[in-house]
Novice: 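Dropping a structure here in structure tokens format, bear with me for questions.
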Amino acid sequence: MQWPGLDGRRALVTGASSGLGAHFARLLAAQGVRVTAAARRADKVAALCEAIAAEGGAAEALALDVTDAQAVAAALDGAAFDIVINNAGVAASAPALDHDAATIDRVIDTNLKGAFHVARAAAAAMAAAGRPGVIVNVASILGLRVAGHVSAYAASKAGLVQLTRALAVEWARHDIRVNALCPGYIETEINREFFASDAGQALIRRVPQRRLGQPEDLDGPLLLMVSDLGRSMTGTELVVDGGHAAAPI
Ligand code: NAD
């Protein structure tokens with residue numbers, strides 16, 4: 001199915017070397033979007049770009065560490081992206097008392113400040129060129145609710161949800177939409193082992209749909225937010241979690 005307003009557009013996907021970022025890059029390329037797949041090391045996304053080309057899509061690799069504000073500004077200066085998927089993220093799982101300063105910095109610098117750097121640089125280029133655009137910040141249900149041992153992560157994602165609203169209000173005048181995607185637990189390489197464990201299985205039983213989300217579950221919500229079908233959506237968050245965040249406390 002072809003979603004309106006995507007064919008021929010250009011998109012940047014950060015953190016595209018694995019998991020959801022790689023999935024989003026392929027998803028957009030299949031819609032005729034020219035994708036720039038960004039990772040800290042460009043060689044890590046080279047295979048993804050080759051796979052996208054073999055599937056008939058167009059993709060190029062970009063070296064980008066989202067925590068490096070100067071490098072982000074330089075990489076996006078004059079860039080002509082219509083769509084930005086702020087997907088790069090890191091997690092830390094430990095009691096708050098065991099979150100040392102380096103861990104807190106790593107999580108906030110990547111998930112909140114990194115997304116801010118990328119959004120600002122991309123929006124500046126869009127506004128300078130007078131082009132409309134759309135930014136999707138990949139947050140989490142942990143930006144809306146809390147769970148044990150993920151204090152920095154939850155705070156970073158809550159900040160990202162609030163940043164989404166603030167940027168949407170400021171940038172509506174430039175015809176730039178900004179929304180947050182809030183997934184629940186989605187199976188990717190980093191958590192597959194955990195969800196196969198007893199603790200992981202117990203967690204899945206607390207999700208009303210009683211199953212772990214798959215990357216494909218995010219396809220419709222992501223494409224809605226970036227396509228013309230979502231043209232009035234800005235400053236909002238889409239929760240995709242099998243009912244997890246709505247579950248009774
Ligand atoms: P992942 O670890 O496979 O993907 C994260 C990507 O971000 C990796 O490719 C990593 O290299 C990249 N990255 C980290 N720091 C970076 C930096 N400084 N600059 C550039 N890239 C950097 O995990 P994932 O599950 O695919 O997560 C993708 C996004 O989705 C993250 O923001 C995560 O918080 C969010 N999310 C995931 C889940 C889930 O259950 N998988 C649920 C909710 C939200």
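Computation of the quantities below employed the complete heavy-atom set of this structure, encompassing side-chain atoms and omitting hydrogens, waters and symmetry-equivalent molecules. Order of appearance sets the numbers: ligands from 1, and atoms from 1 within every ligand.
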Novice: Is Ala39 close enough to touch ligand 1? Criterion: a residue heavy atom under 4.0 Å from a ligand atom.
Specialist: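 Ala39 does not count as a contact of ligand 1 under the 4.0 Å cut-off.
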Novice: Hey, any chance Leu181 and Leu28 share a hydrophobic cluster, counting ILVMFWY side chains that come within less than 4.5 Å of each other, even indirectly?
Specialist: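 In one cluster with Leu181: Leu28, yes.
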Novice: Does Ala139 come within less than 4.0 Å of ligand 1, judged by its heavy atoms?
Specialist: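 So Ala139 counts as touching ligand 1.
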Novice: Do Val118 and Val136 share a hydrophobic cluster (ILVMFWY, side-chain heavy atoms under 4.5 Å, transitive)?
Specialist: no
Novice: With heavy atoms under 4.0 Å as the rule, classify the contact between Thr14 and ligand 1 as side chain, backbone, both or neither.
Specialist: neither
Novice: Looking at atom 26 (O) of ligand 1, what's its closest protein heavy atom, distance included?
Specialist: Leu20 N, 2.7 Å
Novice: Using heavy-atom distances, let me know which of Gly213, Ala115, Gly89 sits nearest atom 7 (O) of ligand 1.
Specialist: Gly89
Novice: Which residue holds the protein heavy atom closest to atom 12 (C) of ligand 1, what is that atom called, and what is the gap in Å?
Specialist: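 That would be Gly15 CA, 3.7 Å.
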Novice: Check whether Asp65 reaches the backbone of Arg40 with its side chain - one donor and one acceptor, N or O, closer than 3.5 Å.
Specialist: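 Absent.
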Novice: Quick one: nearest non-hydrogen protein atom to atom 14 (C) of ligand 1, plus distance?
Specialist: Arg40 NH2, 3.3 Å
Novice: Give the residue, atom name and distance (to 0.1 Å) of the protein heavy atom nearest atom 40 (O) of ligand 1.
Specialist: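 Of every protein heavy atom, Ile186 N, 2.8 Å lies nearest to atom 40 (O) of ligand 1.
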Novice: Counting heavy atoms only, which part of Thr188 comes closer than 4.0 Å to ligand 1: side chain, backbone, both or neither?
Specialist: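 Side chain only; the backbone of Thr188 stays clear of ligand 1.
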Novice: Tell me the protein heavy atom at minimum distance from atom 8 (C) of ligand 1, and give that distance in Å.
Specialist: Ser18 OG, 3.4 Å
Novice: I want to know if ligand 1 touches Tyr153 in the polar sense, i.e. an N/O pair below 3.5 angstrom.
Specialist: yes
Novice: What's the shortest distance from atom 35 (C) of ligand 1 to any protein heavy atom, and which residue and atom give it?
Specialist: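 I find the closest protein heavy atom is Val138 CG1, 3.8 Å.
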Novice: Please work out whether any backbone atom (N, CA, C, O) or any side-chain heavy atom from C-beta onward of Glu187 is under 4.0 Å from ligand 1, and answer side chain, backbone, both or neither.
Specialist: neither
Novice: Without hydrogens or angle criteria, can the side chains of His149 and Asp98 be said to hold a donor-acceptor pair below 3.5 Å?
Specialist: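 Asp98 and His149 do not have a side-chain donor-acceptor pair below 3.5 Å.
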Novice: Of Ala38, Ala88, Ser156, Gly143, which has the heavy atom at the shortest distance from atom 22 (C) of ligand 1?
Specialist: Ala88
Novice: Rounded to the nearest 0.5 Å, what's the gap from CG on Asp241 to OH on Tyr185? Could you check?
Specialist: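 So the gap between those two atoms works out to 10.5 Å.
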Novice: Ignoring hydrogens and geometry, is there a side-chain-to-backbone donor-acceptor pair from Lys157 to Val138 under 3.5 Å?
Specialist: yes
Novice: Evaluate Val66 for polar contact with ligand 1, using N/O atom pairs at a separation under 3.5 Å.
Specialist: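 Checking ligand 1 against Val66, an N or O pair does fall under 3.5 Å apart.
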Novice: Below 4.0 Å from ligand 1: does a non-hydrogen atom of Val90 turn up there or not?
Specialist: yes
Novice: With Glu237 as reference, evaluate Val161, Ile141, Asn137 under the side chain to side chain contact (heavy atoms under 4.5 Å, CB included) test and give the passing residue.
Specialist: Val161
Novice: Mind checking the CG-CG spacing from Leu27 to Leu223? Nearest 0.5 Å is all I need.
Specialist: 4.0 Å
Novice: Under 4.0 Å from ligand 1, counting heavy atoms only, is it the side chain of Asp65, its backbone, both or neither?
Specialist: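 Near ligand 1, Asp65 shows its backbone as well as its side chain.
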Novice: Checking salt bridge (charged side-chain N to carboxylate O under 4.0 Å, His left out) against Asp82, which of Arg131, Arg10, Arg34 comes through?
Specialist: Arg131
Novice: First locate atom CG of Asn179, then atom CZ of Arg165, and finally report the distance between them rounded to the nearest 0.5 Å.
Specialist: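 Atom-to-atom, Asn179:CG and Arg165:CZ are 11.0 Å apart.
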Novice: Could you tell me whether Asp217 and Arg211 make a salt bridge, using a distance below 4.0 angstrom between a side-chain N and a carboxylate O?
Specialist: yes
Novice: So, taking the atom named CD in Gln214 and the one named CG in Leu212, what distance separates them when rounded to the nearest 0.5 Å?
Specialist: 6.0 Å
Novice: To check your reading of the model: name the closest protein heavy atom to atom 32 (O) of ligand 1, its residue, and the distance in Å.
Specialist: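 Answer for atom 32 (O) of ligand 1: Asn87 O, 2.8 Å.
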Novice: Nearest non-hydrogen atom to atom 42 (C) of ligand 1 belongs to which of Gly184, Cys182, Ser140, Pro215?
Specialist: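 Among Gly184, Cys182, Ser140, Pro215, the closest heavy atom to atom 42 (C) of ligand 1 belongs to Gly184.
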Novice: Considering heavy atoms of the protein only, find what lies nearest to atom 23 (O) of ligand 1 and give residue, atom and distance to 0.1 Å.
Specialist: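 Here the closest protein heavy atom is Ile190 CD1, 3.5 Å.
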